[in-house]
Every structure is written in structure tokens, then in C-alpha cells.
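Only one structure is covered here, and it is reproduced in the block below.
Counting starts at 1 for both ligands and their atoms, in listed order. Atom set for the values below is all heavy atoms of this structure, side chains included, hydrogens, waters and symmetry mates excluded.
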Amino acid sequence: MENFSFLNPTRIIFGKDTHTKAGVYTAEYGKKALLHYGGGSIKRSGLYDQVVQSLKDAGVNFVELGGVQPNPRLSLAQKGIELARAEGVDFILAVGGGSTIDSAKCISIGVPYEGNVWEFYENKAIPEKALGVGVVLTIPAAGSESSDSSVITNEDGLYKIGLSSDAFIPKFAILNPELTYTLPAYQTACGATDMLAHVMERYFTNVRDVDLSDKLCEALMRAIIHNAPLAASNPEDYNVRAEIMWCGTLAHNNLIGMGRIGDWASHHIEHELSATYDMAHGAGLAIVFPAWMKYVYKHDVTRFAQFANKVFGVEYDFWNPENTALEGITRLERFFERLGVPIRLTQAGLADLEANIPLMAQKATRKAPQGQFVKLEAADVEKIYRLAM
Ligand code: NZQ
Ligand code: ZN
């Protein structure tokens, strides 16, 4: 096991009706809040009105900025930075999913910074100060509600870049599974895919003697695989929604990755897809992850066979563990198909793939080779995109 330092101070407030306390928790951290949200789902569901009422009841002044798109854009975050400065905002309440939360995090480091906030994402500056961020989560997926990351797309050149900093860890996150009843089945599926990917990125490691975190990862993956299809058939089953919501947070609050070195190549390969085609991150991962597995499994057949056996219950073939490993990848693809997410680039209706694949491979590796489990150069990434065709 590797040395590690674990920090996750986000207060998780979980359960029915908890969103009505958004104002009370916001009042603990700020006097004037920026209420930040997405494209309108919270207005349609009535959540917006309830949050506004809760802020008023708690005596919190606020201004608002909606319109965050999936794959959140730098330009809106910059607008948020200007608004927050002009209005003297000292706290940001993000109501929505990973995109809204990531946009809020971007605003939080931009407000106290004199330069262009994009410099942080390009590693030209390190965030030292940030406004606090609180969350009312409406889609379990990205894990941003307690992660140390923010992923932003710069429309100028279509660069989608993730930045990690302790400054990003939200102060609190309100998780009411009832708020996820209105999710379209496709968004539920993309969310489940993303959280499963967050566990798999950490599971495929070269670090030995990580038995406890292996078992935590395996339990999480089994819980996601069991519950995600149930949510599709019964979207208002509270207990199923609750299991998925808690899985999404635990998959990405860093606990299960401690002492290990995660891979993360699939995420970076996917980010080029969602930057270029503006597709849902989870859908891109369902396409990329199995292809990555097929490309790298020979690096450690035993680990892939363990994944197949412990997560999907594939019988272990001691004479030929490669059979077990390959069956695990097949079962993963079947699981994604059952959820209704595409598992091939050609199923996703993407234009100009032939021209874009080499470009995306170059962009994915422009700073360094990708992946810790297996190092991948641009030529490897290109082969992975082609395996995913
Ligand atoms: O914008 P609205 O109208 O709210 O609609 C959203 C959006 O269209 C809708 N939605 C959310 N909650 C809903 C709902 N519709 C009905 N009922 C509800 N309760 O769902 C759509 C997707 O929302 P989004 O916030 O984009 O989803 P997600 O949470 O999957 O976030 C994806 C973003 O997070 C990034 C991804 O790259 C992507 O940009 N990630 C962030 C990470 C982090 N910060 O730690 C890690 C991840 O690996 C990921 O990269
Ligand atoms: Zn992800």
C-alpha cells in the first residue's frame, strides 16, 4: 500500500426532505449567496421554489445564475465570477449535477483571483483562495458533491480540462434521493456508468497489498450493478435511488482510492469525446472503458480475472484466467447495454470520426502519456478509439 493523506470534510446531509434545509446550511457559511443551477430541471420539478423559500426563511440574501449546460462552459463561469464580484457574493450554492457543481467550483476560485481563471486549469497558477461551495444534488453521477475536482470546457479550442484542488471540496452536500425521481432513464444510466468508472479507474492499479480497498471497490461496483437497472424499471423506489446516490458519492470522495494509484486514462480519453461531441460523460465512458480494458488486460490478467470473478460472479478458470478476464469485459458491456447506454462510437451517431480520432488522441496526450496502470501514447489512444468503433 502507498502512503496517503486523506481529506474529505464535506458534510453529507442525506435523506428525505433534507433540501428544505439548504438555507440553514448556507447561512452557516455565507451572508450573500450565488444560487447556481442548470438548464431548467429544477424549475420544472419545483425544487427551485423550495430552495429559494429555504434561503429566504434562513435570512440569506442571494443572486442567481442559471443556464449551466452539461459539459459546463468556461464563458458562463466567467459570467458568474463577474456577477459574484459585483454583488459581493461570499458563498455559492450549486443546485444540480456535476456540471452545475463544477461550474460553481470554477467561480469559487475565480472570484478572489485577479488573473484569468482558466490559468488554473492550464496549471499556470495554483488556487490558494476560494469561496465556499454548498450543494443540493439532483443527479448521482460525477461525485463532484464531495470531490476535489472541477471539469470545465473552454469553448475556445474545445478543451475540456479537469483540475483538482483541496479548495474545491464542498462545505456541505444535501443528498435527497427523492430529487432524483424526475431523472430521465438515460441520465440515470449515464450517472451509474460514471460512478462505476470512478471505481474501476481506482481498481485497476499496479499497487500490491491493497486488500481492504479492493474489497471496498468490489462491494461498491456490485451495489451499482445491482441497483442501477432497478431504478430504470421503478424510478420512484426510494431505497433503490438512495443506494445509487450514496454509491455515487462514495465512488468519488477518494476514500476507496487511498493507498492505491488509480489509472484515469479512460476518463481523459472520454473527456476528448465529450469536448468534441458534447455527449454525456457517462455515455462516453461506456464506450471507452471496455475498449481500454481490451487494450490493456494482458498487462495484468489476474487483476482482470479477479474483477470478473468478484464483481460479475464469473467462475474463475484456473487453467486459463484469460478466459475469466475476457468474460468480465463482456459482462461489463452487457451491463451497459442493459442500461441503454451506447457501447460503440458507431452507435452514438458521431460525425467525422475518422478525422477526429487522431486529433482527439493527440489532445488527450498533449501534456503527457495517459494512464498509470499502463502508460498510453497518442498512438495507443488512437487504437483504443478504433477498438471502440
Ligand atoms: O441542466 P438541467 O436542466 O438541470 O438538466 C440536467 C442535465 O441536462 C439533467 N438533470 C439533472 N438532475 C435532474 C435532471 N433532469 C431531471 N431531473 C433531475 N433531478 O441531467 C443532465 C446532466 O446533468 P449534469 O450535471 O451534466 O450531469 P453529471 O452529474 O453527470 O455531470 C457531468 C459533468 O461532470 C463532469 C463530467 O465530465 C461532466 O462535465 N465530471 C466531474 C467530476 C468531478 N467534478 O469530480 C468527475 C467526473 O469524472 C466527471 O468528469
Ligand atoms: Zn467521471
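- In the candidate list T193, L183, T188, L183 is nearest to atom 14 (C) of ligand 1, counting heavy atoms.
- For ligand 1, the atoms lying closer than 4.0 Å to a non-hydrogen atom of G40 are 3 (O).
- No salt bridge links E201 with R260; every basic N to acidic carboxylate O contact stays at or beyond 4.0 Å.
- Taking a 4.0 Å cut-off on heavy atoms, H198 registers as neighbouring ligand 1.
- Ligand 1 does not have G282 within reach: every non-hydrogen atom of the residue lies 4.0 Å or more from it.
- In S41, the parts holding a heavy atom less than 4.0 Å from any atom of ligand 1 are both the side chain and the backbone.
- Inside a 4.0 Å radius of atom 16 (C) of ligand 1 there is at least one protein heavy atom.
- A tilted orientation is assigned to the rings of F168 and Y121, their planes being inclined by 30° to 60°.
- When the options T100, T153, D102, N71 are ranked by their closest heavy atom to atom 35 (C) of ligand 1, first place goes to D102.
- Between H198 and H252, the two ring planes are parallel [angle under 30°; tilted spans 30° to 60°].
- Atom 23 (O) of ligand 1 has as its closest protein heavy atom I139 CG2, 4.3 Å.
- When the heavy-atom distances from atom 36 (C) of ligand 1 to H281, K43, E201 are ranked, the shortest goes to H281.
- Counting only heavy atoms of the protein, atom 26 (O) of ligand 1 lies nearest to S99 OG, 2.5 Å.
- The closest side-chain donor-acceptor pair between Q306 and D214 falls under 3.5 angstrom.
- Nearest protein heavy-atom contact of atom 43 (C) of ligand 1 is S147 OG, 3.6 Å.
- Ring planes of Y25 and F172: tilted class, angle from 30 to 60°.
- Close approach of ligand 1 to H252 is summarised as follows: ligand atoms under 4.0 Å from at least one heavy atom of the residue are 45 (O), 46 (C).
- Comparing N254, L137, T182 against atom 18 (C) of ligand 1, the shortest heavy-atom distance belongs to T182.
- Heavy-atom separations between Q69 and ligand 1 are all 4.0 Å or longer.
- Here D211 pairs with K215 in a salt bridge; the nearest charged N to carboxylate O distance falls below 4.0 Å.
- Taking 4.0 Å as the cut-off, P72 counts as a neighbour of ligand 1 on heavy-atom distance.
- There is a protein heavy atom less than 4.0 angstrom from atom 38 (C) of ligand 1.
- Classified by interplanar angle (parallel below 30°, tilted 30° to 60°, perpendicular above 60°), the ring pair F304/W292 is tilted.
- When heavy-atom distances to ligand 1 are checked against a 4.0 Å cut-off, L179 comes that close only through its backbone atoms N, CA, C and O.
- For Y238 and Y181, the gap between ring centers reaches or exceeds 6.0 Å.
- Looking at K160 and D102, no side-chain N of the basic residue comes within less than 4.0 Å of a carboxylate O on the acidic one, giving no salt bridge.
- A donor and an acceptor atom, one from each side chain of Y159 and E122, are nowhere located under 3.5 Å apart.
- Of all protein atoms, those that are N, O or S and lie under 2.8 Å from the Zn ion (ligand 2) total 4.
- The aromatic rings of H271 and H281 sit tilted relative to each other, their planes meeting at an angle between 30° and 60°.
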